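By convention here, the first residue in the shown sequence is residue 1. Computed from a predicted model, the values in this text were never measured in an experiment.
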Amino acid sequence: MEVMSHSSAFLLPTIPADHRPPQTYALVVLNQSLPRFTPLLWNHAQLHLCADGGANRVYDEMPLLLPHEDPSHVRTRYKPDVIKGDMDSIRTEVLDFYANLGTQILDESQDQDTTDLHKCVAYIRDFTPNLDKSNLCILVAGALGGRFDHTLGNVNVLFVFSSLRIILITDESLVHLLPRTHRHEIHIQSSVEGPHCGLIPFPLSKSTTTTGLQWDLTNTEMRFGGLISTSNVVKGEKITVESDADLIWTISVK
């Protein structure tokens with residue numbers, strides 16, 4: 001089985017030159033409070049999208065994350081490349097501000113069958129020919145918290161676009177998919193993440209095996225209504241996971 005490697009080096013101030021994968025990041029900002037390290041994610045990303053009301057968050061909260069800088073300079077520097085969604089949440093003055101700076105505004109209010117995150121990920125996949133997608137990772141700020149149905153909708157996007165690397169990010173944790181088609185090596189950035197972690201099947205794994213966890217799994221069955229591996233702990237710098245089912249991996253952020 002082919003190995004897929006994972007790393008949270010995007011949380012480091014400088015990404016190591018030999019970091020593999022990925023080298024190319026796109027950042028999507030949703031309408032929840034910005035993680036404290038959003039400026040770092042923004043600086044690592046080659047493409048920046050706001051999903052509808054996520055633009056309000058960048059406009060209002062980015063200056064608060066950089067309190068020693070002039071708010072007007074911060075707002076001008078951290079300008080999204082694209083604002084996309086059904087436009088039911090973004091404030092008019094915020095829309096006008098970014099439009100005047102040259103941000104592309106894509107109104108998809110006619111599409112009520114997909115979430116704003118779905119729309120943004122589809123745009124990155126299908127309409128960004130200048131973005132190197134060979135080692136692409138999509139970072140999503142503000143995907144968790146708020147209404148529970150919104151949170152589950154964002155988790156569902158991981159499965160809809162299972163061929164893409166998508167990481168949901170909050171102040172407390174990272175969440176991404178481990179497709180059953182690969183054996184996984186997760187390289188732990190211990191200075192910025194861990195030690196608490198979890199592996200969650202959707203909805204059933206008959207056999208999952210791990211190494212590098214305090215409570216490793218050995219051909220273990222996991223299912224809702226039975227055992228799921230929450231509140232586990234990473235013990236080293238590399239975790240391996242192999243499963244007959246798609247799993248959600250989550251790890252705490254320091």
Residue pair [X] / [Y], side-chain heavy-atom distance below 4.5 Å:
| X | Y | answer |
| --- | --- | --- |
| I90 | I83 | yes |
| I251 | I188 | yes |
| L178 | I186 | yes |
| L11 | L41 | yes |
| L213 | C197 | yes |
| Y78 | L66 | yes |
| T128 | V82 | no |

Which atom of [X] lies closest to which atom of [Y], heavy atoms considered:
| X | Y | value |
| --- | --- | --- |
| S5 | R165 | O-NH1, 2.8 Å |
| Y123 | L49 | CD2-CD2, 3.6 Å |
| M222 | T208 | CE-OG1, 3.8 Å |
| I239 | G212 | CD1-O, 3.0 Å |
| S229 | L217 | CB-CD1, 4.3 Å |

Which Ile, Leu, Val, Met, Phe, Trp or Tyr residues join M4 in one cluster when any pair of side-chain heavy atoms under 4.5 Å counts as a link? none
Between [Y] and [X], is there a side-chain donor-acceptor contact under 3.5 Å, judged purely by atom types and distance?
| X | Y | result |
| --- | --- | --- |
| H6 | H184 | yes |
| S243 | S205 | yes |
| Q189 | S7 | yes |
| T24 | N135 | no |
| T218 | T209 | no |

Could you pull out all residues at least two apart from [X] that satisfy ring-ring contact (aromatic ring centres under 6.0 Å, His included)?
| X | value |
| --- | --- |
| Y59 | F97 |
| F224 | F202 |
| H48 | W42 |
| H44 | none |

What residues form a side-chain contact (heavy atoms from CB on, under 4.5 Å) with [X], not counting sequence neighbours?
| X | answer |
| --- | --- |
| K254 | none |
| D88 | D52, D86 |
| P63 | P71, V74, R75 |
| R180 | D246 |

Apply side chain to side chain donor-acceptor pair (under 3.5 Å) to S33 and list each qualifying residue two or more places apart in sequence or on a separate chain. none
Could you work out, with side chain to side chain donor-acceptor pair (under 3.5 Å) as the rule, every residue matching E193, not counting sequence neighbours? S8
So if I apply the side chain to side chain contact (heavy atoms under 4.5 Å, CB included) rule between N154 and each of V175, L117, V28, I166, which one comes out positive? L117
Among V157, I124, L177, V121, find the residue that satisfies the side chain to side chain contact (heavy atoms under 4.5 Å, CB included) test when tested with L164. V121
Look at the side chain of [X] and the backbone N and O of [Y], then say whether any donor-acceptor pair between them is shorter than 3.5 Å.
| X | Y | result |
| --- | --- | --- |
| D244 | S207 | yes |
| D81 | T103 | no |
| T38 | P35 | yes |
| S252 | H196 | yes |
| N43 | P39 | yes |

Please indicate whether [X] has more than 12 foreign heavy atoms, meaning atoms of other residues, nucleotides or ligands, lying under 6.0 Å from its [atom1].
| X | atom1 | value |
| --- | --- | --- |
| K206 | NZ | no |
| F159 | CZ | yes |
| K79 | NZ | yes |

Pair R36-D171, salt bridge (Lys or Arg N to Asp or Glu O under 4.0 Å): steps then yes or no: CA-CA 6 Å; R36 62 190 182 279; D171 265 334; 2.9 Å; yes
Take D96 and R91 through the test salt bridge (Lys or Arg N to Asp or Glu O under 4.0 Å) and record every step on the way to the result. CA-CA 9 Å; D96 292 343; R91 302 196 308 269; over 6 Å; no
Distance-only donor-acceptor pairs under 3.5 Å for side chains of residues 136-147, two or more places apart:
from, atom 1, to, atom 2, distance (Å)
R147, NE, D149, OD1, 3.0
R147, NH2, D149, OD1, 3.4
R147, NH2, D149, OD2, 2.6

